[in-house]
2 protein chains.
Amino acid sequence: MDDQAIPLDAETKAVEMPEDHREELRLWLRLLTCTTLIEGEVRGRLRERFDVTLPRFDLMAQLDKAPDGMTLSDLSKRMMVSNGNLTGLVDRLVASGHIVRTASPTDRRATVISLTESGRGEFCAMAAEHELWIADLFGGLTEKDRGDLMRLLGKTKLSARRAIQGEGQ
Amino acid sequence: MDDQAIPLDAETKAVEMPEDHREELRLWLRLLTCTTLIEGEVRGRLRERFDVTLPRFDLMAQLDKAPDGMTLSDLSKRMMVSNGNLTGLVDRLVASGHIVRTASPTDRRATVISLTESGRGEFCAMAAEHELWIADLFGGLTEKDRGDLMRLLGKTKLSARRAIQGEGQ
DNA sequence: AGAAATTATTTTAAGCTTAAAACAAATCTG
DNA sequence: CAGATTTGTTTTAAGCTTAAAATAATTTCT
């Protein structure tokens with residue numbers, strides 16, 4: 001309980017006793033900015049070029065990776081959105097003929113969602129252009145940059161998951 | 001129009017003629033996952049701990065950095081959301097007493113928004129905890145990781161801005 | 001100064017999103 | 001096997017978000 005020296009940082013300014021985390025905050029804000037920027041651009045291009053919304057595109061992208069369809073629960077986990085959200089989104093995509101609901105043969109609670117043939121066709125056309133847009137948006141990064149960023153984001157994902165998972169303990 | 005050799009990659013598999021950009025796509029999806037994961041957690045904690053929504057918090061965070069207030073246009077640029085979106089958000093924050101609208105002395109079109117005293121007080125309390133949550137979520141990264149990630153995201157931001165800016169040419 | 005273009009904000013219509021509650025079917029457990 | 005819990009989905013209420021059109025004030029350009 002003796003007097004304690006006020007810690008000084010490299011620039012010899014007194015720092016707050018409970019260490020501040022402005023650096024992490026800036027990192028988070030920058031991450032958010034990147035995502036918002038790219039997402040907004042992709043949203044706009046999807047609308048202008050294909051008259052489709054981003055959520056619709058995202059949903060179809062998940063289904064495209066699952067030839068045998070997926071349940072709503074699986075979809076909601078994959079897309080990281082709430083269950084209730086999907087109900088409406090699926091309704092609209094069924095109405096526009098892009099996807100179909102099928103009763104699950106094994107579980108009478110569940111419905112399996114899958115792309116219709118025309119839905120898959122439309123999605124593939126959009127996905128091909130979408131991939132070019134993304135490549136363009138990330139075009140300022142070198143191959144090494146992209147590898148490094150991929151690795152660091154992987155680490156970030158793990159870090160966040162651990163922090164989220166561990167909170168209930 | 002002679003026959004053309006199909007290029008082979010390092011693992012000796014045929015690759016698509018128009019080069020594919022799946023790597024950039026994976027990078028984008030991972031970036032999006034990180035943001036969605038962290039954003040969802042922060043949203044939930046703000047609600048549980050302070051009964052406040054993330055957009056409200058974000059708006060107050062911007063105002064906190066502008067002691068003399070900001071116009072709606074400035075706010076919408078900073079927050080990267082549409083103008084129309086802010087109208088409603090501001091209405092609700094005015095109704096709850098967190099912010100006030102003041103007529104701009106120089107421009108009769110504009111309104112200046114600023115935090116009320118109690119709004120600033122409430123925000124500061126939330127911001128202090130929020131900063132700890134963020135530090136916790138990024139806790140799995142070393143100081144070097146954070147520096148590297150910061151730099152790479154800076155480069156990503158520039159890359160995206162350039163791609164967006166340059167599209168109209 | 002007056003017309004034209006720009007800027008600041010609001011309104012509108014549609015769709016997205018969430019949390020919480022409700023419901024139904026499947027699984028677990030004593 | 002019956003009651004309790006979990007799981008899959010929908011509903012509800014509230015708020016968020018966008019794009020596009022409308023309105024109003026300022027600035028620009030003859």
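Protein chains get the first letters and strands the later ones, always in sequence-line order, with residue 1 at the start of each. The analysis underlying the following values was restricted to heavy atoms, covering all of them including side chains, and did not include hydrogens, waters or symmetry mates.
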**OP:** Search all heavy atoms of A:Leu86 against all heavy atoms of A:Leu72 and return the closest pair with its distance.
**Re:** CD1-O, 3.5 Å
Original post:
Do you know which two heavy atoms are closest between A:Met70 and A:Leu75, and how far apart they sit?
Top reply: CE-N, 3.9 Å
Between [X] and [N], is there a contact of a side-chain N or O with OP1 or OP2 at under 4.0 Å?
X: B:Thr87; N: C:dT11; value: no
X: A:Arg101; N: D:dT9; value: no
X: B:Ser104; N: C:dA8; value: no
X: B:Arg108; N: D:dT26; value: yes
X: A:Thr53; N: C:dC16; value: yes
X: A:Arg47; N: D:dT17; value: no
X: A:Asn85; N: C:dC16; value: no
X: A:Thr111; N: D:dG8; value: no

Original post:
Are B:Leu29 and A:Leu132 connected, step by step, through hydrophobic side chains (Ile, Leu, Val, Met, Phe, Trp, Tyr) whose heavy atoms are closer than 4.5 Å?
Top reply: no
I need the [atom1]-[atom2] distance between [X] and [N], as an integer number of Å.
X: B:Leu72; N: D:dA24; atom1: CG; atom2: P; result: 17 Å
X: B:Asp107; N: C:dT6; atom1: CG; atom2: P; result: 17 Å
X: B:Arg56; N: C:dT18; atom1: CZ; atom2: P; result: 17 Å
X: B:Phe57; N: C:dT18; atom1: CZ; atom2: P; result: 19 Å
X: B:Asp91; N: D:dC16; atom1: CG; atom2: C1'; result: 13 Å
X: A:Leu75; N: C:dT17; atom1: CG; atom2: P; result: 13 Å
X: B:Asp74; N: C:dA8; atom1: CG; atom2: C1'; result: 10 Å
X: B:Asn83; N: D:dT23; atom1: CG; atom2: P; result: 17 Å

Need one value for [X]: base, sugar-phosphate or nothing, where a base atom within 4.0 Å counts as base even if backbone is also close, heavy atoms only.
X: A:Ser82; value: base
X: A:Leu86; value: nothing
X: A:Ser76; value: nothing
X: B:Leu54; value: nothing

Original post:
Taking atom types as they are modelled, is there a donor-acceptor pair under 3.5 Å from the base of C:dT7 to the side chain of B:Arg109?
Top reply: yes
Original post:
Of the nucleotides C:dT18, C:dT9, D:dT10, which one has an atom closest to the side chain of A:Val81?
Top reply: C:dT18
Original post:
Taking everything shown except B:Arg146 itself, do over 12 heavy atoms lie less than 6.0 Å from its CZ?
Top reply: yes
Original post:
With a 6.0 Å cut-off on ring centres, are B:Phe57 and B:Phe123 close enough?
Top reply: yes
**OP:** Can you spot which of B:Thr156, B:Thr35, B:Thr36 makes a side-chain hydrogen bond (donor to acceptor under 3.5 Å, both in side chains) with A:Thr35?
**Re:** B:Thr35
Original post:
If you pin A:Ser73 and A:Gly40 to their nearest nucleotides in DNA chain D, which one's is more 5'?
Top reply: A:Ser73
Subject >> Along DNA chain D (nearest heavy atom to each residue), the more 5'-positioned of A:Arg43 and A:Val112 >> reply: A:Val112
